Amino acid sequence: PLRIAILASGRGSNFAALLAARERGELPVDFVLVASDKADAPVLRLAQSAGVPTTVLDPRQYAERRAYDVALFDRIGASKPDLLVLAGFMRIIDGDALKPWAGRMINIHPSLLPKYRGLHTHRRALKAGDLEHGASVHYVTAELDGGPVIAQITFPIEADDDENTLAARLLPMEHQLLPAVVELIAAGRLALSEEGIRLDGQILRKPLRW
Ligand code: GAR
């Protein structure tokens with residue numbers, strides 16, 4: 001099975017969705033590590049109760065981002081993952097630290113990329129008067145939230161939506177999207193090449209829609 005390491009900073013509902021998909025027999029993967037930058041992140045308890053090893057690296061113990069990222073990825077590398085999944089990891093990662101993982105690291109982001117990289121995506125979609133919103137899963141590159149987009153899930157924004165209602169509608173959709181993409185990777189159907197993302201060997205011209 002595909003060996004997966006998770007990086008997460010918080011609640012861990014996306015990791016929970018991956019665990020649940022595996023429980024249902026839909027995801028032939030092993031979770032080899034959950035790594036966090038926050039010692040009190042609920043995702044760590046979730047991992048422990050599922051018997052998944054955890055590790056915490058506190059950025060405050062490091063003088064600079066680069067040193068932190070080197071230590072983090074050293075530790076992650078030691079568990080020999082095939083794939084790194086950023087599931088609510090809320091730190092920017094140094095480009096050099098990412099390089100060895102090119103094509104082997106994905107992130108879920110709560111916007112329809114390339115719209116709204118970074119934070120406050122729901123607020124920004126509302127402010128822009130967007131008619132739809134959604135989430136994206138993309139390969140991670142040195143450009144923040146800027147790597148090739150694999151798949152997106154979308155839904156209409158209603159007139160009375162606010163940040164909270166958007167977040168509440170989006171989250172369960174994220175929980176479908178992320179396991180679906182991981183399933184494609186586990187099945188060996190997705191790869192990142194020089195020319196772009198390949199699905200079943202064919203270049204993907206636009207993100208898959210869920
Ligand atoms: C999710 O909405 C995810 O898309 C977002 O954080 C939340 C994590 O929730 N990620 C980012 O904003 C990445 N920049 P979770 O901890 O319950 O999975």
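For this chain, numbers begin at 1 and follow the sequence in order. Atoms considered below: every heavy atom in the structure, side chains included; atoms not considered: hydrogens, waters and symmetry mates. Everything numeric here is computed off the predicted structure, so don't read it as measured data. Both counts, for ligands and for their atoms, begin at 1 and track the order of listing.
Summarising the contacts of atom 5 (C) of ligand 1 with A41, A167, P110, P42, the nearest heavy atom is found in P110. Evaluated by nearest non-hydrogen atom to atom 15 (P) of ligand 1, the leading choice among A8, S13, G88 is S13.
By the side-chain contact (heavy atoms from CB on, under 4.5 Å) test, E64 pairs with R66, A67, sequence neighbours left out. Shown here are the side chain to side chain donor-acceptor pair (under 3.5 Å) partners of D74, two or more places apart in sequence or in another chain: there are none.
Checked by distance only, ligand 1 and N14 come closer than 3.5 Å through their nitrogen or oxygen atoms. The distance criterion of under 3.5 Å between nitrogen or oxygen atoms is met by E174 with respect to ligand 1.
Nearest protein heavy-atom neighbour of atom 13 (C) of ligand 1: M90 SD, 3.7 Å. H109 ND1, 3.8 Å is the protein heavy atom nearest to atom 14 (N) of ligand 1. Nearest non-hydrogen protein atom to atom 10 (N) of ligand 1 is I108 O, 3.6 Å.
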Item to complete: Check step by step if salt bridge (Lys or Arg N to Asp or Glu O under 4.0 Å) holds for D200 and R189.
Response: CA-CA 5 Å; D200 297 329; R189 297 181 57 194; 2.7 Å; yes

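Relative to the ring axis of Y139, R104 does not place its NZ or CZ within 45° and under 6.0 Å from the centre.
Using a 4.5 Å heavy-atom cutoff, the side chains of F89 and I6 are not in contact.
Judged by the shortest distance from any of its heavy atoms, G12 lies inside the 4.0 Å radius around the atoms of ligand 1.
Which parts of ligand 1 touch R11 is read off a 4.0 Å heavy-atom cut-off, strictly below it: atoms 9 (O), 15 (P), 16 (O), 17 (O).
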